Amino acid sequence: MKINFDGDLCLISELEEFDPRDIFTCGQAFRWYEEADGSFTFIAHGKVANAKKVGGEIFLRGVDKASFDEIFYNYFDLSRDYKLVMEELARDEVMKNATEYGKGIRILNQDKFETIISFIISANNQIPRIKNAIEKISEMYGDYLGEDENRKYYSFPSAEKLSLARPEDLREFARVGFRDVRIVETANLIKDGIVNIDEIDKMDLEDARCALQVLPGVGPKVADCILLFAFDRKESFPVDVWIKRVMEELYLKEVTPKSKIALRGREVFGKNAGFANQYLFYYGRENKLGK
DNA sequence: CGCCAGGTGCCAA
DNA sequence: TTGGCACATGGC
């Protein structure tokens, strides 16, 4: 991997395992827009940037050396060797196909509070609608970050800000439905330190899952997503309808309850369970496996 | 119209 | 512990 800077343009080359399309459309993040030129504009940790891969080169606009060092190096998980992860996973035919299909995926290290709220909204919902709800919440309660010819950009609000939101407003304008009260109550519990994010960082996986499930709207699946996408717990294995379908069809060969699938996932893939999960989710959903 | 979508909360066996 | 049902919302 080679990295060069030219003002607010960051150019990364010799890194095969990085494709903005795979990274953003694989389901882990919601705050991104695919542009007409095939690039992806995204908002992360209070910054707006744009990623595009041309030939073998990755162009990151809006990323200067300071913000790269402070935010984006970690956000894109650039310290990790994804070639090695894929090699370790591709021991069987299924994972060989799944990693080949999603070879440009990296698991992002996202904002913790934003990820908690995002996945509370994801419950029994659809991805485009989840994106819209999060965008609207940012517009209503976040800070203005700037604009371009396409749209205006806002940061995701802090727990303090969101704790002051009215559930009726979340329902009426952000269309979050029955998740309205869960969102505000969760914001309050975090704001008041009843659920302490810094403490969760220090816990082992099982304790962390339990601690997160204190939050209303956070069950086993949402807790695992939060841990995987924002707490750097790459060994967690969220089980949603898609992973359930894929695991049943490709590995288990029989209908299996979700709780058992989560255990099997971590058993089979070990420390790489989270990566396996994301490759399988992307592969299964894009190819409509089991549907 | 009824069914379903990256589930969770609640209540009964 | 496990199994059922309701829960907003909107597209098909």
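Just so we're clear, the structure is a prediction, and the values are computed from it rather than from any experiment.
Taking atom P in both dG11(C) and dT8(B), one finds a spacing of 24 Å when rounded to whole Å. The separation of dG10(C) from dG9(B), taken at their C1' atoms, amounts to 23 Å, rounded to a whole angstrom.
With respect to Lys234(A) and Asp232(A), a salt bridge is recorded, a charged nitrogen being found less than 4.0 Å from a carboxylate O.
For residues 89-101 of chain A, the set of pairs meeting the side chain to side chain donor-acceptor pair (under 3.5 Å) definition, not counting sequence neighbours, comprises Asp92(A)-Tyr251(A), Glu100(A)-Lys103(A).
Stem analysis of DNA chain C (Watson-Crick or G-U pairs, both distances under 3.5 Å, runs of at least three) returns B:2-5 with C:9-12, B:7-13 with C:1-7.
Regarding Ile130(A), its CD1 atom lies at a distance of 18 Å from the P atom of dA8(C), rounded to whole Å. When the C1' atom of dT9(C) is taken as reference, atom CZ of Phe173(A) falls 16 Å away, rounded to whole Å. Between the CZ atom of Phe178(A) and the P atom of dG9(B) there is a distance of 10 Å, rounded to whole Å. Between the CG atom of Asn125(A) and the P atom of dG11(C) there is a distance of 12 Å, given to the nearest Å. Atom-to-atom, CG of Asn124(A) to P of dT9(C) comes out at 13 Å; the value is rounded to the nearest Å. The nearest whole Å value for the distance from the CD1 atom in Ile121(A) to the P atom in dC7(C) is 21 Å. Atom C1' of nucleotide dA5(B) and atom CZ of Phe119(A) are separated by 14 Å, given to the nearest angstrom. Atom P of nucleotide dT9(C) and atom CD1 of Ile183(A) are separated by 12 Å, given to the nearest angstrom.
Ring geometry for Trp32(A) versus Phe24(A): interplanar angle of 30 to 60°, hence tilted.
Out of dG7(B), dA5(B), dG9(B), the shortest distance to the side chain of Arg129(A) is found at dA5(B). With dG10(C), dA8(C), dG7(B) as the candidates, the nucleotide lying closest to the side chain of Gln126(A) is dG10(C).
Contacts of Arg285(A) with the nucleic acid, taken as non-hydrogen atoms under 4.0 Å apart, are absent. Counting non-hydrogen atoms under 4.0 angstrom, Glu172(A) reaches nothing in the nucleic acid. Among the protein residues, Val218(A) comes within range of the sugar-phosphate backbone only, with heavy atoms under 4.0 Å from sugar or phosphate atoms but none that close to a base. Residue Pro216(A) is in sugar-phosphate contact alone, with no base atom involved, counting any heavy-atom pair closer than 4.0 Å across all strands shown. Heavy atoms of Pro220(A) sit under 4.0 angstrom from primed sugar atoms or phosphate atoms, though from no base atom.
Between Arg179(A) and dA5(B) there is no side-chain N or O to OP1 or OP2 distance below 4.0 Å. When the side-chain nitrogen and oxygen atoms of Arg175(A) are compared with OP1 and OP2 of dA8(C), none of them lie within a distance under 4.0 Å.
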Full working for side-chain contact (heavy atoms from CB on, under 4.5 Å) between Leu15(A) and Leu78(A)
CA-CA 10 Å; Leu15(A) 179 60; Leu78(A) 288 173; 3.8 Å; yes

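Nearest heavy-atom pair, Lys253(A) versus Glu249(A), reported as atom, atom and distance to 0.1 Å: NZ-O, 3.3 Å.
Heavy-atom distances to DNA chain B give each of Gln213(A) and Phe229(A) a nearest nucleotide, and the one nearer the 5′ end belongs to Phe229(A). Take the nearest nucleotide of DNA chain B for Leu215(A) and for Phe30(A): the residue whose nucleotide is more 5' is Phe30(A).
Counting only N and O atoms by type, the side chains of Thr41(A) and Arg61(A) include no donor and acceptor under 3.5 Å apart. Under 3.5 Å, the side chains of Asp22(A) and Tyr282(A) contain a donor-acceptor pair of N or O atoms.
With Asp192(A) contributing its side chain and Ile194(A) its backbone, the two residues share no donor-acceptor pair below 3.5 Å.
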